[in-house]
2 protein chains.
Amino acid sequence: MAEKLRSGSMPTLEMVAAEAGVSRATVSRVVNQSPKVSPDVAAVVQAAIEHLNYVPNRAARSLVSRRTQAIAMVVPESAAKVFDDPFFAAVVQGVAQYLEDTDYTLNMIIESGSASHKTRRYLLGGNVDGALVVSHHTGDHSYSELSRNLPVVFGGRPLSDVDGDNYYVDVDNFTGACSAVEHLVASGRTRLATIAGPQDMPPGVDRLSAFHTTLSKHGLTSDLVETGDFSPPSGAEAMRRLLARGEPIDGIFAANDQMAIGAYSAIREAGLSVPGDIAVVGFDDDNYGSTATPPLTTVRQPSIEMGRRMAEKIVALIEKRAVDTVTTLNTELVIRDSA
Amino acid sequence: MAEKLRSGSMPTLEMVAAEAGVSRATVSRVVNQSPKVSPDVAAVVQAAIEHLNYVPNRAARSLVSRRTQAIAMVVPESAAKVFDDPFFAAVVQGVAQYLEDTDYTLNMIIESGSASHKTRRYLLGGNVDGALVVSHHTGDHSYSELSRNLPVVFGGRPLSDVDGDNYYVDVDNFTGACSAVEHLVASGRTRLATIAGPQDMPPGVDRLSAFHTTLSKHGLTSDLVETGDFSPPSGAEAMRRLLARGEPIDGIFAANDQMAIGAYSAIREAGLSVPGDIAVVGFDDDNYGSTATPPLTTVRQPSIEMGRRMAEKIVALIEKRAVDTVTTLNTELVIRDSA
DNA sequence: GTGAAAGCGCTAACAG
DNA sequence: CTGTTAGCGCTTTCAC
């Protein structure tokens, strides 16, 4: 058997076994922390492992165990989106961070189209033990059906939870938006308007309904709402339309920071100032708002934490431990200079 | 042999072979596009594959072929960095985009410390066929030694290419910075200053030397240089120091957009305007600059392309095809309203 | 507790 | 061109 031990390449289980003077089975047990190995033998094996600098071969292990120890993260490309939206980077970071302490690997898949055939094949082809799919504002759950065959955790509430049992972690958009509007009225603004997000996206509708709810809670009301697509230019456009209505406005709640920044320019174009004439509050707390002039008051969304929770949930799911179907994260109002 | 065909789970090569009435070897050949299979047999096999919805088992394949078809992407966490720097997201996107058309998978590894032991083990443990490491401004090549045992491609020129033969793709920082300064003098600014990046990072030194070179090319000179760490606050600080010198300044070249944005605030604090009193040009073209007021004139860095090229290079390296050691990408001056 | 033996699904000589 | 024959490195009954 000794002659079977090749010298080049990586050390194998067999080499460790030889070195430690035990069988491969025993080494395997030690590696997998099996309880039924006598402490002394385990020690010897452990020493051999360290000595040889042995690292188990993932492919071989996964071939027999039927588990890949890999988790896919699917993010929609939407061309510019991934690039322009700091949110994704943060979520990925959170996921990677959590996974670092586990034996799982993160496989990134940036989707060109929506739910391509190729990606499906990959996910269903036994390449990963589970999948994470993020869509930020869109609520796109075109991967919903996958969950019948593979553990899947979504980032963001699904637009319509048809299957009814999708696992996801989301941010409490409603409460967060309430705190934003609350802040506006608390600082004496009474003629409020809002730049809403698309009404076919969960965060879009939640943040808008929070606007109305909070207003009426204070005996106020407003029909000054214009919709944007979450991009800076769309925010500027919406603001111009709002201003064009000719009604007085002293406070704006934008459904996200990018649109709030867009609103800044429209407000300045009109010769008005922030927050002098119009106070502005955004949502997300990304670098668009934090580096703007004046720094934007906004609602912080715990993106990294969202990634962590998603990772935590998918791992639990894979390992068949009990998990909540949905996890909702709290937001935090960050008061800066715009309101 | 027929009784060996289990019905549950995923279809195997053997099942396809049975269905097509050929040997497993033949199926394998078809799957791997081997030229030596008669067209008609190939067709039958192909049909069986489609019929059974067969997808080759990666683990089994990689176990025997000794290739994982996976490529790792290592990015330094640097806590806030990944989160705040749009550059990383863009590179990752480029990499993923290129890899989408290949059989390779992208494994993301976000580094906590610098070059942790755990990551090394992972990379050297045969989990991936190659690695991509990005460090943006830092030029950190603490993974250099890895390249002796694993194909590695770096993003950004190494600080000191000790081993002399590291593969990397970089942006032409010098030429890009020259075009920025050139633009400043072309628009009539003569009292130029620069906010340089750290002088222990390649982009920091290249962009600064370009400043001096371009100036002298026009018979100008300037000792108005202050250094920042590429973050917005550091840019503001540097600008304040510059202004505090009391010498007249009518143009600023900031080594990156984030610092340029920081400079904006310092300039305004001083009661000056952009570009009225001081023209500002940045470098990178990220969303910090594009959404600022006024929109920042800057040097666009092809981040996505950089990712694509890195991916292309690593794949070529893995497949032992000839590749250039270094690839340098051109930049492009984006003229907006700040200069 | 520990070892022996039997594969996991696939590729790669080697014959025919 | 196609089938046969060996394993790749590891886990896992099943005996001892």
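First the proteins, then the strands, lettered A, B, ... as listed; each starts at 1. As a basis for the values below, the full set of heavy atoms in this structure was taken, side chains included, without hydrogen atoms, waters or symmetry mates.
A search for side chain to side chain donor-acceptor pair (under 3.5 Å) contacts involving B:Arg29 returns nothing, not counting sequence neighbours. Here A:Asn32 pairs with A:Ser28, A:Arg61 under the side-chain contact (heavy atoms from CB on, under 4.5 Å) rule; sequence neighbours left out. For the side chain to side chain donor-acceptor pair (under 3.5 Å) test, residues two or more places apart in sequence or in another chain that qualify with B:Arg309 are B:Glu305. A search for side chain to side chain donor-acceptor pair (under 3.5 Å) contacts involving A:Ser65 returns nothing, not counting sequence neighbours. Partners of A:Tyr54 by side chain to side chain donor-acceptor pair (under 3.5 Å), not counting sequence neighbours: none found. Residues satisfying the side-chain contact (heavy atoms from CB on, under 4.5 Å) test with A:Glu319, not counting sequence neighbours, are A:Tyr104, A:Val315, A:Arg321. Among residues two or more places apart in sequence or in another chain, the side-chain contact (heavy atoms from CB on, under 4.5 Å) test is passed with B:Ala20 by B:Val22, B:Val44, B:Val45, B:Ala48. B:Val55 pairs by the side-chain contact (heavy atoms from CB on, under 4.5 Å) definition with A:Arg121, not counting sequence neighbours.
Taking atom CE of residue A:Met15 and atom P of nucleotide D:dC8, one finds them 13 Å apart after rounding to whole Å. Between B:Arg61 atom CZ and D:dC10 atom P there is a gap of 21 Å when expressed in whole angstrom units. For A:Arg67 and C:dG9, the CZ to C1' distance is 18 Å, given to the nearest whole Å. Counting to the nearest Å, the C1' atom of D:dT11 and the CG atom of A:Asp103 are 16 Å from each other. If you take CG of A:Leu63 and C1' of D:dG7, they are 12 Å apart, rounded to a whole angstrom. Between A:Asn57 atom CG and D:dG7 atom P there is a gap of 18 Å when expressed in whole angstrom units. Between A:Leu13 atom CG and C:dC8 atom C1' the separation is 15 Å, expressed in whole Å.
Comparing C:dA6, D:dC8, D:dG3 by their closest approach to the side chain of A:Arg24 singles out C:dA6. Among C:dG3, D:dG9, C:dG9, the nucleotide with an atom closest to any side-chain atom of A:Ser23 is C:dG3.
Scanning residues 49-56 of chain B for heavy-atom distances under 4.0 Å to DNA chain C yields B:Tyr54, B:Pro56. Contacts with DNA chain D (heavy atom under 4.0 Å) in residues 28-43 of chain B: B:Arg29, B:Lys36, B:Val37, B:Ser38, B:Val41, listed by number.
For the helix from C:dG1-D:dC16 to C:dG16-D:dC1, the angle separating the two terminal helix axes comes to 30°, with each axis derived from five pairs and the value rounded to 10°.
A residue-by-residue look at A:Val22 and B:Ala25 shows that A:Val22 has its nearest nucleotide of DNA chain C further toward the 5' end.
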Return a table of donor-acceptor pairs under 3.5 angstrom between the side chains of residues 33-43 of chain A and protein atoms on other chains or two or more places apart.
residue, atom, partner, partner atom, Å
A:Ser34, OG, A:Lys36, N, 3.3
A:Ser38, OG, A:Asp40, OD1, 3.3

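In this structure, A:Asn127 contributes its side chain and A:Tyr122 its backbone to a donor-acceptor pair below 3.5 Å.
Atom CZ of A:Arg308 is separated from atom OH of A:Tyr98 by 11.0 Å, given to the nearest 0.5 angstrom.
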